[in-house]
Amino acid sequence: MKIEIVAKKVKDIKADCEVVFVVAKKTKHKWVKDLAELNKQGYEGGDDEVISLSQKNKIYVGITSLETEDVRIGAGIAIKSLRKTKYKSAKLGLYHNGNESDGVSAISEGFLLGSYIFDKYKSKPGKLSLAKINISTESYQGTSEQKIAELKKAVKEAEVIAEAVNFTRDIVNTPPMDLDPVTFSGIAKEVAKKGELSVKVYGENYIKKEGMGAFLAVSKASAFPPQLIHLTYRGTGAKQKIVLVGKGLTYDTGGLSIKPSEAMLSMKMDMGGAGAILGVIKAVSELKLPVEVHAIIGATENVIGKDAYKPDDVLVAKNGKTIEVRNTDAEGRLVLADILVYAQEQKPDYIIDVATLTGACVVALGEYTAGVMGHSDELKESMKQAAKKSGELVAELPFNRYLPKLMKSEIADISNISSGRYGGAITAAIFLSNFIDKSNQKKWLHIDIAGPAYVKNEWAYNSYGATGAGVRMITEWLKDLK
Ligand code: BES
Ligand code: ZN
Ligand code: ZN
C-alpha cells in the first residue's frame, strides 16, 4: 500500500473512496457532506464508530479528538473497514493537532499498522485491494502550511516504523515449529545483511565457555542449541552507545514446572522482546539515526525432556552469582541475567531490556500497557514520554526497599522466584538488577511487555495476535536521544 501527499483540496483528488473522520461527534464540518444519510442511519460519529456509505463511496469514522493517537486509531479503524471492500484507492484530508507532520505520521502509521493481518498460514490468504492512499495537504482546520517536503518525509519515516512493527509482528506470530532458536538467528542474520549491520551468533560452546550457566540451563532440554545473537549498528556521528537486550524464548512450556494448557497457549510470543529489538535495530538503521545500537538476544526454548533443568538446581551466572531454581517457569530472567552481564561488557551509555517477563505485569497493568522499571527516574520518564508520543502505553512499577528481601534464597545468592505472592513484575525486575553492575544501575531500564505483546482480541490498529509492542516507543526514544 502506497501513501502519497497530494497538494490539492480533498474534493479535487481522484480516488475510489473518501475517508472522513468525524471529530468529537462534530458533524458540522465541510467534509461531512452526508449528514441526512448519516442521521437516517443513526450514525453519531462516536469513538471508533464506523459507517460505510457504499453508494457514496465514503467511509466515516468517529474519532475522540485531533490528538495524534486518536488520529492514528481513526486511520486504523478506517483501514479495517476498507479491507472488506474492493476500492483500490482512497483519499482523506489532513487531520492534525497543530503539527502537520505529526498528523501525517499518525495517519500513515494507522493505515499501515491497521492493514496488517497474519494470514500466511491460511490456504487462501486474503488480499488487500487498496493500493493507494492520498493524503491531502488541506487540513481539517482549513489551513495548509504547504511544507510538502516535510510531509513526505513524515510518510517515509512512518513507513519505516510501521514496516518494522509489522516485521516484528510476523516473527512473533510465527508458530514455534517454524521459529526455533536457530531459525531465529537466521532471521537476525538476514536483517543484518539487508541493513548493513554487523552480526555475531554464538552457540552452546561459547555460552558454556563464557560461564553463562543460567542461560545454558534453560536451554538444556531443547533440541536446538541456544543462540546468543548480537547485532550492531553504528550510525555516523554517534555520540551514545545503546545496548538493547531481548528475551528470546521461542517457546515457553514452563519447563518441569509446566504451565497449564490454557496458559501455555500463545507462548510462541515469548520472544516478543527479542522480536521487538530486532524491529528497532532494523528501523534505526533504515532511518540512519546518529547512534550506536547493539541488539543482543538470548534465544532458546523452555521445554521438558530428560536433560531439563530442575527446580532445586543451583546455577552459576556469568557474573559469578549463584541462583536457586525454585520454578523453571521463571526462565526469562535466567536467560536475561547472563545476557545482561554480557551486554555490559560493551560499556554502554544505556542498557534497555525488553521482555515478556511476567504474568504479574499483565495482572498489574492490564493487557494494553507495558511496565517500565529501573533505578533512574530520568530514564523512566524519557521512555514514558517516547511511549506517549509513539502511541504505546506504559506505566511505571516502582521498586522499594522491602521487595528485594522476597528474592532471598537459603542456599544460593538469590532465588529465581519471590517468596511472596504479590508484586511479581517488580520482583522479577529486582532479580535482573542483581546482574547489573553497581556502576550501571542508573543506565538500566527494564520493560515488561507481557501484556501488550500479544492480544487475543483486536484493538485500535492491532489485529489478533502480535502487536509489535516496544518497537515504536524505543525507536522514538532513540530518535529523541541527544
Ligand atoms: N513467559 C512468561 C510470562 C508471561 C505470562 C508472558 C503471560 C506473557 C503472558 C514467564 O516466563 C513466566 O512464565 N513467568 C512466570 C513467573 C512465575 C513462575 C514467578 C509467571 O508470570 O507466572
Ligand atoms: Zn516461563
Ligand atoms: Zn517466559
Side-chain angles (χ1 to χ4, degrees), residues 172-173 176 179 181 184 214-215 217-222 226 245-276 297-304 308-313 323-337 339 353-371 373 397 403 406-409 414-432 446-457 465-470:
V172 176
N173 278 325
L179 192 94
F184 194 21
F215 182 12
V218 173
S219 74
K220 264 173 69 191
S222 172
V245 166
K247 171 179 173 182
L249 266 288
T250 59
Y251 206 71
D252 181 10
T253 66
L256 290 171
S257 314
I258 198 160
K259 287 182 185 291
S261 326
E262 266 297 297
M264 197 185 299
L265 194 65
S266 77
M267 278 303 140
K268 63 174 183 180
M269 55 77 111
D270 213 16
M271 31 61 68
I297 290 165
T300 186
E301 279 180 332
N302 187 22
V303 293
I304 54 169
Y309 81 124
K310 304 173 187 75
D312 285 337
D313 275 344
I323 307 165
E324 181 192 357
V325 178
R326 294 180 66 86
N327 189 317
T328 61
D329 197 10
E331 85 299 335
R333 61 194 76 182
L334 297 174
V335 172
L336 289 178
I339 303 288
D353 77 75
V354 193
T356 48
L357 203 63
T358 64
C361 196
V362 195
V363 173
L365 299 175
E367 59 183 339
Y368 305 100
T369 306
M373 288 153 265
L397 295 170
L403 287 166
L406 301 177
M407 298 306 285
K408 280 201 175 135
S409 160
I414 192 167
S415 163
N416 83 324
I417 56 164
S418 164
S419 57
R421 212 197 269 237
Y422 309 114
I426 307 173
T427 49
I430 288 166
F431 176 91
L432 296 181
H446 163 62
I447 309 177
D448 192 333
I449 56 166
Y454 193 91
V455 289
K456 294 185 177 92
N457 42 7
T467 61

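Counting starts at 1 for both ligands and their atoms, following the listed order. One is the number of the first residue; the rest follow in order along the sequence. Note that these values count all heavy atoms, side chains included, but never hydrogens, waters or copies made by symmetry.
- Checking I449, V362, L357, N327 against atom 14 (N) of ligand 1, the nearest heavy atom belongs to L357.
- For K247, the nearest N, O or S atom to the Zn ion (ligand 3) falls under 2.8 Å.
- Here the protein heavy atom with the shortest distance to atom 2 (C) of ligand 1 is D252 OD2, 3.6 Å.
- Note that the OG1 atom of T356 and the NZ atom of K247 stand 4.5 Å from one another [nearest 0.5 Å].
- With a 4.0 Å cut-off on non-hydrogen atoms, K247 touches ligand 1 through its side chain and not its backbone.
- Residue E331 has at least one N or O atom closer than 3.5 Å to an N or O atom of ligand 1.
- Between the side chain of D313 and the main chain of V325, no donor-acceptor pair closer than 3.5 Å is present.
- Expressed to the nearest 0.5 Å, how far CD of E301 lies from NZ of K268 amounts to 14.5 Å.
- Nearest N/O/S atom of D270 relative to the Zn ion (ligand 3): this is OD2.
- If you check which protein heavy atom lies closest to atom 16 (C) of ligand 1, you get R333 NH2, 3.8 Å.
- Nearest to atom 9 (C) of ligand 1 among the protein's heavy atoms is M267 CE, 3.6 Å.
- The contact set between ligand 1 and K259, taken as ligand atoms under 4.0 Å from a residue heavy atom, comprises 2 (C), 12 (C), 13 (O).
- At least one donor-acceptor pair closer than 3.5 Å links the side chain of Y251 to the backbone N or O of M264.
- Within the 3.5 Å criterion, the main-chain N or O of P311 finds no donor-acceptor partner in the side chain of T328.
- Looking at S257 and D329, their side chains never bring a donor and an acceptor atom within 3.5 Å of each other.
- The nearest protein heavy atom to atom 22 (O) of ligand 1 is not closer than 4.0 Å.
- The nearest N, O or S atom of E331 is closer to the Zn ion (ligand 3) than 2.8 Å.
- Listed for the N416 side chain is no donor-acceptor partner under 3.5 Å among the backbone atoms of L334.
- Scanning the protein heavy atoms around atom 15 (C) of ligand 1, the nearest turns out to be D329 O, 4.0 Å.
- The N, O or S atom of D252 lying closest to the Zn ion (ligand 2) is OD2.
- Between the choices S266, A428, G359, the shortest heavy-atom distance to atom 5 (C) of ligand 1 belongs to G359.
- With hydrogens left out, the protein atom closest to atom 8 (C) of ligand 1 is M269 CE, 3.4 Å, a heavy atom.
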Residue pair N173, Y454: steps toward the side-chain contact (heavy atoms from CB on, under 4.5 Å) verdict: CA-CA 9 Å; N173 278 325; Y454 193 91; 3.6 Å; yes
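- Residue F431 holds its CZ atom at 4.0 Å from CD1 of I323, rounded to the nearest 0.5 Å.
- Considering backbone and side-chain N/O of T358, none are found under 3.5 Å from N/O of ligand 1.
- Taking SG of C361 as the start and CE of M373 as the end, the distance is 4.5 Å to the nearest 0.5 Å.
- Here the heavy atom of the protein found nearest to atom 19 (C) of ligand 1 is I417 CG2, 3.6 Å.
- Remark: N457 CG is packed, more than 12 non-hydrogen atoms of other residues, nucleotides or ligands lying under 6.0 Å away.
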